Participant: 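The structure that follows is given in the form of structure tokens.
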There are 2 protein chains.
Amino acid sequence: MPPSTASPGPAPRSYAQLCGIATALDVIGDRWALLIVRELMFGPLRFGDMVEGLPGIGTNTLTVRLKQLESAEVVRRRLLPAPDRATVYELTAYGHELEPILMALGRWGTRSMGRLPVELASRSRWLVAGMLAFHDAEHRVATPTTWELRLTDGPFTVRAEGADVSIAAGPPDRADHRVTVEDGDLHLMLTGRLTPADAVATGASAVSDDDALPGLLTLFAFPAVPAA
Amino acid sequence: MPPSTASPGPAPRSYAQLCGIATALDVIGDRWALLIVRELMFGPLRFGDMVEGLPGIGTNTLTVRLKQLESAEVVRRRLLPAPDRATVYELTAYGHELEPILMALGRWGTRSMGRLPVELASRSRWLVAGMLAFHDAEHRVATPTTWELRLTDGPFTVRAEGADVSIAAGPPDRADHRVTVEDGDLHLMLTGRLTPADAVATGASAVSDDDALPGLLTLFAFPAVPAA
DNA sequence: CGGTATCCGCAAAGATACTG
DNA sequence: CAGTATCTTTGCGGATACCG
């Protein structure tokens, strides 16, 4: 038995390599860590919301991960101001810098989705992350446009300006268009397996105007889904 | 993306989420998996070389990971042809698509390297990965140029053409310049803490000609290292 | 040498009950 | 609601033994 290093507790497991990739994995390589970042991508969340968005995580594990990410300055814990007085978690600037990496990982992983087990959890936030990942950089809107997108788990704000698209959780202050649709039907439309016209005709989607849904869909270029 | 192997035994742990990011993490989220991809980035390796490049991994863990990555079509196992008859592991096309993600992760993680423990392992391949990650996209070479870069663990081939830089393990067939230097001294030069002139003057680096080292260094733009 | 298999010990993660 | 405490289970690292 080696001379017991009388330090406070065991050192957290590290690859201990002089390498940026290994260091990154020391920070966000543990199970659930990157999914926590994904959850926070569209805005601050409370502990309970995160449990909701990370099916299968134990509350103890979430507590530990949040502490680690906080001490690595990826996540910040903040107390909401006046009436709510709730505590929320949000990404720091450093944490936000993971977003393009997450989007690229999501595009890469999409091609392995055929292997997934049959029973899959689904959340509106994940679909929205996919939309950002497959946003069509070639497509430009003539004038800045805002959509209120009401999905299964709640409203999102989609804003297009030039070739840029941003999405945030919650409704916009003012929207040019509004679209209401279940996650699954939106996914069908994004992947070309359901036309906007059919979605509206069958009542799968409710829209504020006829341009709302086609205009929204043209912002994104999802890969074709191979026939099952 | 092969036909899902409906094998017996307990299903491997999966996030089971309808989300590209979670799916990606199902594939490359386990401990050591992305570092295996990093190791293979510069060419095929044998089992023993990988153990060498992944200090701390257990051989059993490496065996399991390689099998998982192989069945996910990230890594391919191949038998070397004629005289060697050794088996090597290499990235598939799908695996190679992780490289830009790895590079971005490496840049991101570099800023957390201050937190690392004192005793750090170091390998030439990791330094070379950092060079690729911080390759200066603004810099263009007038004519295609090849360097033989002899580092601590062996020779690498650096090739610049236009604004592109590629690096592979092993010596080039024909080199315009040759640089011999220990990893640590090259890192000092890349981060602006040692001048090429000093390195050559002190014998820390041996070069084929006076343009070799300056020309090589201008290809890369490492972030400044804050004074310790 | 290039793996694979097995056993052991520890640390991380899952499940769940409980508390401020 | 926001965690903490406790218990169980799984995964990983280390050593070693074995096989082509």
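Side chains included, hydrogens not; waters and symmetry mates left out as well; all remaining heavy atoms used. Order of the sequence lines sets the chain letters (A, B, ...), proteins ahead of strands, with each chain counted from 1. Given the structure is predicted, the values throughout are model-derived calculations rather than measurements.
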Participant: Would you kindly compare A:Arg77 and B:Thr59 by the position of their nearest DNA chain D nucleotide and give the one closer to the 5′ end?
Facilitator: A:Arg77

Participant: Tell me whether B:Asp183 contacts the main-chain N or O of B:Ser124 through its side chain, where contact means a donor paired with an acceptor under 3.5 Å.
Facilitator: yes

Participant: Hey, are A:Arg174 and A:Asp176 close enough for a salt bridge, meaning a charged N less than 4.0 Å from a carboxylate O?
Facilitator: yes

Participant: Rounded to the Å, how far apart are A:Leu66 CG and D:dG3 P?
Facilitator: 8 Å

Participant: Taking atom P of C:dG14 as reference, at what distance in whole Å does atom CG of A:Leu35 sit?
Facilitator: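 About 11 Å, once rounded to whole Å.
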
Participant: Taking only the side-chain nitrogens and oxygens of A:Lys67, find out if one of them lies under 4.0 Å from OP1 or OP2 of D:dA2.
Facilitator: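 For A:Lys67, the contact criterion (side-chain N or O under 4.0 Å from OP1 or OP2 of D:dA2) is not met.
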
Participant: With a 4.0 Å limit, can you tell me whether B:Trp32 has a side-chain N or O closer than that to the phosphate oxygens OP1/OP2 of D:dG13?
Facilitator: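 Checking D:dG13 against B:Trp32, a side-chain N or O does come within under 4.0 Å of OP1 or OP2.
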
Participant: Atom CD1 of B:Ile57 and atom P of D:dC12: how far apart are they, to the nearest Å?
Facilitator: 10 Å

Participant: Within the distance-only criterion (no hydrogens, no angle test), does the side chain of A:Arg123 pair as donor or acceptor with the backbone N or O of A:Glu52 below 3.5 angstrom?
Facilitator: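 The answer is yes, because a donor-acceptor pair under 3.5 Å joins these two groups.
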
Participant: If I take atom CG in residue A:Asp26 and atom P in nucleotide C:dA12, what distance separates them, rounded to the nearest angstrom?
Facilitator: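 After rounding, the reported distance stands at 13 Å.
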
Participant: Between A:Tyr89 and D:dG3, is there a contact of a side-chain N or O with OP1 or OP2 at under 4.0 Å?
Facilitator: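 Result: yes.
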
Participant: At a cut-off of 3.5 Å, list every protein nitrogen or oxygen paired with a nitrogen or oxygen from nucleotides 6-11 of chain D, distance to 0.1 Å.
Facilitator:
residue	atom	partner	partner atom	Å
D:dT6	O4	A:Asn60	ND2	3.2

Participant: Rounded to whole angstroms, how far apart are CZ on A:Arg78 and P on D:dA2?
Facilitator: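 Distance check: A:Arg78 CZ to D:dA2 P gives 14 Å.
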
Participant: Is the distance from OP1 or OP2 of C:dG3 to the nearest side-chain N or O of B:Thr87 less than 4.0 Å?
Facilitator: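 So the side-chain polar atoms of B:Thr87 do come within 4.0 Å of the phosphate oxygens OP1 or OP2 of C:dG3, strictly under.
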
Participant: By a strict heavy-atom criterion of less than 4.0 Å, which residues belonging to residues 38-49 of chain B are in contact with DNA chain C?
Facilitator: B:Arg46, B:Phe47

Participant: Rounded to the Å, how far apart are B:Glu52 CD and C:dC1 C1'?
Facilitator: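 That distance rounds to 14 Å.
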
Participant: For D:dG3, take OP1 and OP2 only and decide whether either is under 4.0 Å from a side-chain N or O of A:Thr63.
Facilitator: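 Checking A:Thr63 against D:dG3: no side-chain N or O falls below 4.0 Å of OP1 or OP2.
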
Participant: Please check: side-chain N/O of B:Trp147 versus main-chain N/O of B:Ala212, any donor-acceptor pairing under 3.5 Å?
Facilitator: yes

Participant: Within this structure, what is the CD-CG distance for the pair B:Glu182 and B:Asp153, rounded to the nearest 0.5 Å?
Facilitator: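 Interatomic distance, B:Glu182 CD to B:Asp153 CG, rounded to 0.5 Å: 9.0 Å.
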
Participant: So, the side chain of B:Thr180 versus the backbone of B:Arg150: is there a donor-acceptor pair under 3.5 Å, distance only?
Facilitator: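 Between the backbone of B:Arg150 and the side chain of B:Thr180 there is no qualifying donor-acceptor contact (under 3.5 Å).
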
Participant: Heavy-atom nearest nucleotide on DNA chain D for A:Ala86 versus B:Arg31: which residue maps closer to 5'?
Facilitator: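 On the 5' side of the pair lies A:Ala86.
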
Participant: Has the side chain of A:Ser122 got a donor or acceptor atom that lies under 3.5 Å from a matching backbone atom of B:Leu18?
Facilitator: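 No, the answer is negative, given that no donor and acceptor are paired below the 3.5 Å cut-off.
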
Participant: Assess whether a salt bridge exists between B:Glu90 and B:Arg76, defined as any Lys/Arg side-chain N lying under 4.0 Å from an Asp/Glu carboxylate O.
Facilitator: yes

Participant: Starting from C1' on D:dC12, measure out to CD1 on B:Ile36 and report it in whole angstrom.
Facilitator: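 These atoms are roughly 13 Å apart.
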
Participant: With a 3.5 Å distance limit and no angle check, can you tell me whether A:Tyr15 reaches the backbone of B:Pro55 through a side-chain donor-acceptor pair?
Facilitator: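 Judged by distance alone, no pair lies under 3.5 Å.
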
